[in-house]
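Everything on this sheet refers to the single structure shown next.
In this text, all values refer to a predicted model and were calculated from it rather than measured experimentally. Chain letters run A, B, ... following the sequence lines, proteins first and then strands; every chain starts at 1.
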4 protein chains.
Amino acid sequence: MRIIVDAQEHRPIYRQVADEIKTLIARGELQEGASLPPVRQLAADLGVNLNTVATAYRELQGEGLIAIRHGSGAMVASRRTEVTSRDEMRKALRAVLTQMVLAGMPRSEIAVLVSGELRGLTQGAK
Amino acid sequence: MRIIVDAQEHRPIYRQVADEIKTLIARGELQEGASLPPVRQLAADLGVNLNTVATAYRELQGEGLIAIRHGSGAMVASRRTEVTSRDEMRKALRAVLTQMVLAGMPRSEIAVLVSGELRGLTQGAK
Amino acid sequence: MRIIVDAQEHRPIYRQVADEIKTLIARGELQEGASLPPVRQLAADLGVNLNTVATAYRELQGEGLIAIRHGSGAMVASRRTEVTSRDEMRKALRAVLTQMVLAGMPRSEIAVLVSGELRGLTQGAK
Amino acid sequence: MRIIVDAQEHRPIYRQVADEIKTLIARGELQEGASLPPVRQLAADLGVNLNTVATAYRELQGEGLIAIRHGSGAMVASRRTEVTSRDEMRKALRAVLTQMVLAGMPRSEIAVLVSGELRGLTQGAK
DNA sequence: GTGGTCTAGACCACG
DNA sequence: GTGGTCTAGACCACC
């Protein structure tokens, strides 16, 4: 499983892990029923603390995206989640776009970035 | 100045305040040279501590977006910032879009949201 | 880590702490990758509030000199900074030298002081 | 009297004014007995608040550098002062040099800056 | 009247 | 155990 985390980023590491796994699920690279690597192994691969990965898995479980079965690992449960409110997502979107606009990125370039990411995320869904 | 903060959100309050002000600047609702409300007044309006607003202002000052002059208040200094790397913005964008896709939001609706926000942010720039 | 602060001085304490750490880094007494003491411990050592040290660390982080990782402490990241403009540094230098000249300090003695400090600061850079 | 202040700098404006006048005195451009401009006029020239200039004059008077006579303006009293302790000056010098070193300025260039400033300050003294 | 700094202490987030 | 955030309130510095 190809995941990269960066300790210097603003987002906490556990959330980076969770977000990357979410992206893999959304892209269809992790299908329903697929097994996730054991916590210890993923932690070792990423060079992070075991608790960090465990927290990420717990978050994904809380959102209903994965199922953790004691003693037999974790697997992808579903491609649907609804925990984050529409309003909160909109605020997050606005914050990101604001950042890009203030950084001087032209609107056309932002549009290209967005559609590029969207294409990657939705093609696996069909 | 219309700003809303939510103590329940993950983002710290001082960053919510800073982000909202950034959006107002990006939108052109706060022009260069415009005065910001005194920290104590904004703190009272938002129902938060003085220091929380002061921290937000300090962050904006550090990014070069506002100029604070001791004894005479704060004003908008610029509409440009460069603190966040392109790569970090891209990752943040991907995380938000992933969230939306997994929430089951159709691609067309996401596109509408994005362009709506973008329109609000870039029209003030002309 | 030997740091001394003086509450009577004009410079705020958090900046004194940051300045002292900067000097330790410039001197090479704190190498890149070295750990800084936990905020609470340094605060206790100096007899100041936790927040005061946290503010100093945050300032150093903003200048890129240290990296703070939530949950696992702070470490020296770099020996380079670029925040202060050349012109501002020159003006500050002039102010200090003016002070010394008006205090009646002979030019030769000032030169000795300067080269002594400079030697301490640049020898670690070899 | 050629004085420039910058509201964005770290030093408070009143201190910038005081420092600039000190430099003029140290350089010999303001001789003993010379009159200083009226507070109101200097404030108008600099575009700053009247109280700011008054505070600067008060500081200079406190250091014995100028004499303020009620109703007849201020004049340069002496070129000697001793209010700032040797230790505090040394600390200020160290902070400036640390800044320069961390900004990557080579030792040779710093030396040139220092001797250039020193030459300007001490030539008027002979 | 404006912002700046500091404290003491509480509680949370992260690894 | 580490840093982060917030509060309430005091006092200072600046314009």
Indicate yes or no: at least one non-hydrogen side-chain atom of A/Thr23 is less than 4.5 angstrom from one of A/Arg27. yes
If you draw a 6.0 Å radius around CZ in A/Arg2, do more than 12 non-hydrogen atoms from other residues or ligands fall strictly inside? no
Identify, with sequence neighbours excluded, every residue that meets salt bridge (charged side-chain N to carboxylate O under 4.0 Å, His left out) alongside B/Glu63. B/Lys22
Side-chain contact, heavy-atom cut-off 4.5 Å: D/Val53 with D/Tyr14? no
For A/Leu42 and E/dG15, give me the distance from atom CG to atom P, rounded to whole Å. 14 Å
For the residue pair D/Gln16 and D/Asp6, establish whether any side-chain heavy-atom pair is separated by less than 4.5 Å. yes
Both B/Gly47 and B/Gly71 contact DNA chain F. Taking the nearest nucleotide for each, which residue is further toward the 5' end? B/Gly47
How close or far is atom P of E/dA8 from atom CG of C/Leu46, stated in whole angstroms? 14 Å
Assert: residue with more 5' nearest nucleotide on DNA chain E, out of A/Thr52 and B/Arg69, is B/Arg69
For Watson-Crick and G-U wobble pairs within 3.5 Å on both distances, what is DNA chain F written in dot-bracket notation, | included for inter-strand pairing? ||||||||||||||.
F/dG4 P sits how many Å from C/Leu60 CG, rounded? 12 Å
Where at least one partner belongs to residues 30-44 of chain C, residue pairs that pass salt bridge (charged side-chain N to carboxylate O under 4.0 Å, His left out), sequence neighbours excluded: none
Between N or O atoms, less than 3.5 Å apart, protein on one side and nucleotides 9-12 of chain F on the other: list the pairs.
unit_1 : atom_1 : unit_2  : atom_2 : d
F/dG9  : O6     : B/Asn51 : ND2    : 3.3

When you match B/Ile68 and C/Ser72 each to their closest nucleotide on DNA chain E, which lands nearer the 5' end? B/Ile68
Can you confirm whether C/Met1 sits close enough to C/Leu42 that some side-chain heavy atom of one is under 4.5 Å from a side-chain heavy atom of the other? yes
Rounded to whole Å, CD of B/Gln61 lies from P of E/dG3 at a distance of 12 Å
Rounded interatomic separation in angstrom, taking OH from B/Tyr57 and P from E/dT5: 16 Å
Mind jotting down which residue pairs meet the salt bridge (charged side-chain N to carboxylate O under 4.0 Å, His left out) criterion with at least one end in residues 46-62 of chain B? Sequence neighbours excluded, please. B/Arg15-B/Glu59
Give the residues of residues 4-22 of chain A touching DNA chain F, defined as any heavy atom closer than 4.0 Å, sorted by residue number. none
Scan B/Val48 against the nucleic acid and name what it touches under 4.0 Å (heavy atoms): base, sugar-phosphate only, or nothing. sugar-phosphate
If I take atom CE in residue B/Met75 and atom C1' in nucleotide E/dG3, what distance separates them, rounded to the nearest angstrom? 14 Å
